[in-house]
S.K.: 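Sharing a structure here in structure tokens format.
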Amino acid sequence: GMQSINLSGTIPSEIAELEKLEQILLSYNYLTGMIPESISSLKDLSLIDLSGNMLSVGNNVWIPTGGHLEINLSDNNINSFPFPSDVDTY
């Protein structure tokens with residue numbers, strides 16, 4: 001993964017062009033801005049770990065459309081996020 005390697009900037013919406021992406025592991029970097037809604041199109045995604053960054057979410061809620069998905073958004077600028085009941089957050 002790419003955890004704690006001093007990445008900065010935003011997560012580009014083009015990340016969704018990596019159609020077979022299974023995990024996004026970018027914890028404890030310096031990522032800012034919004035989490036791109038485009039990642040909801042990644043059908044094979046099983047784990048998103050964006051903890052320990054400076055990310056936020058917009059008014060539009062992206063709902064992952066794949067199968068089982070675990071999401072860690074702790075230690076960000078996110079107070080609450082309405083995930084559907086079949087998504088595990090930790």
Side-chain angles (χ1 to χ4, degrees):
M2 295 175 35
Q3 301 98 322
S4 301
I5 60 169
N6 295 320
L7 285 178
S8 62
T10 59
I11 302 172
S13 60
E14 290 82 6
I15 194 169
E17 294 175 12
L18 302 170
E19 295 175 358
K20 299 294 183 188
L21 196 62
E22 295 179 4
Q23 299 183 342
I24 298 175
L25 304 175
L26 295 170
S27 61
Y28 294 93
N29 283 290
Y30 298 95
L31 299 173
T32 57
M34 300 289 189
I35 300 169
E37 294 175 43
S38 61
I39 66 172
S40 66
S41 67
L42 294 170
K43 306 283 190 249
D44 296 330
L45 205 55
S46 62
L47 174 61
I48 300 173
D49 188 351
L50 296 172
S51 57
N53 284 285
M54 295 169 277
L55 295 164
S56 56
V57 294
N59 294 327
N60 297 323
V61 177
W62 49 261
I63 297 183
T65 56
H68 183 75
L69 178 61
E70 294 183 25
I71 300 175
N72 186 350
L73 298 177
S74 60
D75 298 327
N76 276 285
N77 293 330
I78 301 168
N79 293 326
S80 63
F81 195 76
F83 287 107
S85 59
D86 60 343
V87 172
D88 293 335
T89 60
Y90 62 97

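What you see below is based on every heavy atom in this structure, not just the backbone, and it leaves out hydrogens, waters and symmetry mates.
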S.K.: Atom CD of Glu17 and atom OG of Ser38: how far apart are they, to the nearest 0.5 Å?
M.R.: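 If I round to the nearest 0.5 Å, the distance is 8.5 Å.
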
S.K.: Calculate, to the nearest 0.5 Å, the distance between atoms CD1 and CD belonging to Ile48 and Glu70 respectively.
M.R.: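 With rounding to 0.5 Å, CD1 (Ile48) is 11.0 Å from CD (Glu70).
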
S.K.: Give the minimum heavy-atom separation between Lys20 and Asp44, together with the two atoms involved.
M.R.: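 Nearest pair, atom of Lys20 first, then Asp44: CD-OD2, 3.6 Å.
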
S.K.: Roughly how far, to the nearest 0.5 Å, is the CG atom of Leu69 from the CG atom of Leu47?
M.R.: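 Between Leu47 CG and Leu69 CG, I get 7.5 Å after rounding to 0.5 Å.
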
S.K.: Taking Pro36's backbone N and O only, do any of them form a donor-acceptor pair with Ser13's side chain (distance below 3.5 Å, no angle check)?
M.R.: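 Judged by distance alone, no pair lies under 3.5 Å.
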
S.K.: Could you check Leu18, Asp49, Ile35, Ile39 and say which one makes a side chain to side chain contact (heavy atoms under 4.5 Å, CB included) with Ile24?
M.R.: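 Per the side chain to side chain contact (heavy atoms under 4.5 Å, CB included) rule, the option paired with Ile24 is Ile39, out of Leu18, Asp49, Ile35, Ile39.
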
S.K.: For Asn29, does its backbone N or O pair with a side-chain atom of Asn53 as donor and acceptor, under 3.5 Å?
M.R.: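 Yes: the side chain of Asn53 pairs with the backbone of Asn29.
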
S.K.: Taking the side chain as every heavy atom from C-beta outward, state whether Ser46 and Gln23 have any atom pair closer than 4.5 Å.
M.R.: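 Ser46 reaches Gln23 side chain to side chain.
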
S.K.: Same cluster or not: are Leu31 and Leu21 linked, directly or through other Ile, Leu, Val, Met, Phe, Trp or Tyr residues, by side-chain heavy atoms under 4.5 angstrom apart?
M.R.: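 Result: yes, single cluster for both.
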
S.K.: Do the side chains of Leu7 and Leu73 join up, straight or via other hydrophobic residues, at under 4.5 Å, putting them in one cluster?
M.R.: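 Linked, Leu7 and Leu73 end up in one cluster.
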
S.K.: Between Asn76 and Leu55, is there a donor-acceptor pair closer than 3.5 Å when you use the side chain of the first and the backbone of the second?
M.R.: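 Indeed, once roles are kept as given, a pair shorter than 3.5 Å links the two residues.
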
S.K.: Would you say the side chain of Thr10 lies within less than 4.5 Å of the side chain of Thr32, judging by non-hydrogen atoms?
M.R.: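 A side-chain contact exists here, since the closest heavy-atom pair is under 4.5 Å.
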
S.K.: Would Ile5 end up clustered with Ile15 when hydrophobic side chains under 4.5 Å apart are linked, directly or stepwise?
M.R.: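 Per the 4.5 Å side-chain linkage, Ile5 and Ile15 are co-clustered.
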
